[in-house]
Amino acid sequence: MADPKGFLTTGREVAKTRPAEERVKDWNEVYVPGSLLPIISKQAGRCMDCGIPFCHNGCPLGNLIPEWNDYAYREDWSAASERLHATNNFPEFTGRLCPAPCEAACVLGINQPAVTIKNVEVSIIDKAWDSGDVTPQPPERLSGKTVAVIGSGPAGLAAAQQLTRAGHTVAVYERADRIGGLLRYGIPEFKMEKVHINRRIEQMRAEGTKFRTEIEIGRDIDAAKLRQRYDAVVIAAGATVSRDLPVPGRELKGIHFAMEYLPLANKVQEGDFVAPPITAEGKHVVVIGGGDTGADCVGTAHRQGAASVTQLEIMPKPGEERSAGQPWPTFPMLYKVTSAHEEGGERVYSVSTTHFEGDEDGNVQFLHLVEVEFVDGKLEQKPGTERKIPAQLVTLAMGFTGTDRANGLVEQFGLELDERGNIARDADFATNVDGVFVAGDAGRGQSLIVWAIAEGRSAARGVDRYLTGASELPAPIRPTDRALTV
């Protein structure tokens with residue numbers, strides 16, 4: 001145990017953010033650089049090294065949280081990094097982007113603020129990169145087997161790195177022009193600067209992983225031919241079909257899916273554009289959807305100079321503390337103020353969009369909404385609450401419904417789908433097609449980054465066993481495992 005009295009003598013302290021009025025003028029990460037290291041050892045010392053650490057239940061990766069908390073408390077950063085990487089290929093991603101279900105399951109969190117597990121994690125990995133502790137780990141020998149990975153998001157990258165280190169020759173196919181999937185083009189720069197992806201890619205290249213960009217399997221290469229070329233295939237194409245809003249006026253110009261809007265802002269940071277083709281500058285912006293993707297649209301609109309930003313959510317406003325119906329250690333649905341919300345804008349709950357109104361040129365100008373409430377378990381409109389708000393740019397951030405089928409990948413492979421429209425797989429993450437496996441949101445449905453990495457690691461074991469007859473690779477989850485919720 002790091003500090004036997006740490007949870008009694010030290011209060012919770014999290015990373016400091018730069019002033020909102022300062023950070024909206026740039027695209028750098030919102031946190032004050034270097035603000036964690038002076039405080040993080042004491043924060044790690046709050047960990048109680050529980051006999052049954054429920055943080056392990058919260059995290060699907062099986063992270064050895066009490067162990068690397070202890071090393072961080074003692075400032076043994078190399079040992080902490082080794083423990084961290086034992087279960088997680090990309091802790092710099094999860095330490096910045098994960099909503100930390102491990103903290104929701106922290107035993108200390110029963111009656112005190114939980115340990116800042118996420119901050120400890122990102123401190124360890126950033127220190128490891130600065131100290132040169134993160135190095136390529138090429139295999140000692142090659143197996144002679146080849147694997148294609150379709151998709152370069154966290155699931156695909158995790159599977160590729162595990163399989164490369166097991167000795168297989170792995171090629172990752174990505175339809176975008178850069179590697180990273182939604183990490184690259186769905187996550188704004190102010191949440192995670194892309195240097196963190198770039199140096200992981202370089203590590204993977206040094207280990208032997210090959211990357212093929214601007215190739216969409218199903219369109220540019222027939223999926224069946226890809227299967228003939230490789231000994232095994234891992235589909236990690238994500239759940240990229242955005243949920244639409246089929247209401248009158250949807251066809252008006254200025255209404256876009258979040259995944260049409262956000263990537264263009266990131267491409268400006270990559271140097272592809274001087275200004276994004278879709279911009280919030282000077283416009284009244286409405287974001288439909290109250291989740292993390294919606295918050296990303298809010299923060300992006302602030303930085304582009306929006307005249308106003310309004311975020312709409314059809315569900316009621318969550319509470320700020322656990323309710324009796326969301327007991328520890330489940331992951332509670334709580335009212336969350338992200339860095340984007342700190343920067344301004346209005347959040348409106350319990351409303352539903354009825355239609356859009358445009359001008360004579362077909363540009364959206366107003367959004368009409370109505371308040372809703374639950375009646376006998378169903379959402380119903382409240383008469384007399386209709387109103388309209390200015391809307392010159394609307395982003396739809398209502399989640400995703402499944403993997404892309406328009407490119408022909410599913411049909412060309414001949415894949416079976418489950419009842420939810422995801423690619424079906426067995427206990428080894430194998431599909432109905434021999435040698436074809438699926439990992440991440442394409443098989444699980446829309447989920448968190450920690451689940452994506454866990455899926456990639458687990459699918460890699462299934463592939464390794466298929467290719468060699470046995471595997472020593474870890475498999476932290478089963479395809480049927482689900483988050484601890486109510």
Side-chain angles (χ1 to χ4, degrees), residues 20 24 99 186-188 191 241-262 264-265 278-320 333-359 363-375 377-401 446:
V24 295
I187 302 297
K191 282 184 67 175
V241 179
S242 299
R243 181 172 285 107
D244 208 343
L245 184 63
V247 298
R250 170 63 178 89
E251 75 285 352
L252 292 169
K253 290 179 285 188
I255 304 172
H256 304 276
F257 290 119
M259 287 303 121
E260 294 173 335
Y261 172 62
L262 293 173
L264 296 176
I278 303 174
T279 181
E281 184 177 3
K283 298 176 182 176
H284 296 289
V285 177
V286 177
V287 178
I288 301 178
D292 288 339
T293 302
D296 294 343
C297 292
V298 170
T300 299
H302 288 322
R303 282 159 181 76
Q304 291 178 343
S308 69
V309 182
T310 305
Q311 186 176 17
L312 307 182
E313 169 58 57
I314 196 170
M315 300 299 289
K317 181 180 177 180
E320 298 186 14
M333 298 298 294
L334 301 178
Y335 179 69
K336 183 169 64 173
V337 179
T338 70
S339 63
H341 298 128
E342 293 172 349
E343 295 159 2
E346 182 183 3
R347 303 166 77 178
V348 183
Y349 290 89
S350 297
V351 293
S352 178
T353 301
T354 59
H355 63 282
F356 299 103
E357 178 184 338
D359 61 17
N363 300 301
V364 66
Q365 294 296 307
F366 294 96
L367 179 150
H368 292 251
L369 56 81
V370 63
E371 293 180 16
V372 295
E373 61 182 347
F374 278 100
V375 178
K378 295 182 180 180
L379 277 175
E380 294 188 3
Q381 296 182 1
K382 297 171 66 175
T385 62
E386 299 85 357
R387 60 189 173 100
K388 68 178 183 179
I389 58 175
Q392 297 165 321
L393 171 64
V394 177
T395 60
L396 307 179
M398 302 178 296
F400 304 89
T401 60
Q446 181 184 351

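Bear in mind the structure is a predicted one, so any value in this text is a computation, not a measurement.
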Gly289 backbone acceptor or donor facing Gln311 side chain under 3.5 Å: yes
Any Lys/Arg nitrogen of Asp292 or Lys191 sitting under 4.0 Å from an Asp/Glu carboxylate oxygen of the other? no
When rounded to the nearest 0.5 Å, the distance separating CD of Gln392 from NZ of Lys253 is 14.0 Å
Any donor-acceptor N/O pair, Thr293 side chain to Ala397 backbone, under 3.5 Å: no
Donor-acceptor pair, Gln446 side chain versus Phe400 backbone, under 3.5 Å? yes
For Gln304 and Tyr261, test the side chains for any donor-to-acceptor distance below 3.5 angstrom and give the result as yes or no. yes
First locate atom OG1 of Thr401, then atom CG of Asp244, and finally report the distance between them rounded to the nearest 0.5 Å. 9.5 Å
More than 12 heavy atoms of other residues, nucleotides or ligands under 6.0 Å from CE of Met259: is that the case? yes
For Ala265 versus Thr300, what's the shortest heavy-atom pair and its separation? CB-CG2, 3.8 Å
Any chance the side chains of Ser308 and His284 put a donor and an acceptor closer than 3.5 Å? yes
Side chain to side chain contact (heavy atoms under 4.5 Å, CB included) evaluation trace for His341 with Arg347: CA-CA 8 Å; His341 298 128; Arg347 303 166 77 178; 3.4 Å; yes
Straight-line distance of Lys378 NZ to Glu373 CD, nearest 0.5 Å: 14.5 Å
Can a donor-acceptor pair be found, under 3.5 Å and without considering hydrogens, that links the side chain of Thr353 to the backbone of His355? no
Rounded to the nearest 0.5 angstrom, the CZ-CD distance for Phe374 and Glu380 is 11.0 Å
For Met398, is there any backbone N or O sitting under 3.5 Å from a side-chain donor or acceptor partner on Arg243? yes
Got a donor-acceptor contact below 3.5 angstrom from the Lys283 side chain to the Thr279 backbone? yes
Run the side chain to side chain contact (heavy atoms under 4.5 Å, CB included) check on Val351 and Ile314 step by step: do they pass? CA-CA 5 Å; Val351 293; Ile314 196 170; over 6 Å; no
Pair Leu252, Asn363 - check side chain to side chain contact (heavy atoms under 4.5 Å, CB included), show working. CA-CA 6 Å; Leu252 292 169; Asn363 300 301; over 6 Å; no
Tell me, with the steps shown, if Thr395 and Ile288 meet side chain to side chain contact (heavy atoms under 4.5 Å, CB included). CA-CA 6 Å; Thr395 60; Ile288 301 178; over 6 Å; no
Go through the steps for Glu343 and Arg303 under the test salt bridge (Lys or Arg N to Asp or Glu O under 4.0 Å), then give the verdict. CA-CA 10 Å; Glu343 295 159 2; Arg303 282 159 181 76; 2.8 Å; yes
How far apart are the closest heavy atoms of Thr354 and Leu369, and which atoms are they? OG1-N, 4.1 Å
Which atom names give the shortest non-hydrogen contact between Gln381 and Pro383, and what distance separates them? O-CD, 3.4 Å
Any chance you could measure His368, atom NE2, to Ile389, atom CD1, to the nearest 0.5 Å? 10.0 Å
What pair of heavy atoms forms the shortest contact from Val285 to Ala306, and how long is it? CG2-CB, 3.8 Å
Electrostatic pair Glu357-Lys388, nearest N-O below 4.0 angstrom: yes
Nearest heavy-atom approach of Gly344 to Val298 is O-CG1, 4.4 Å
Taking all atoms of both residues into account, what is the closest heavy-atom pair of Val286 and Ala391, and its distance? CG2-CB, 3.7 Å
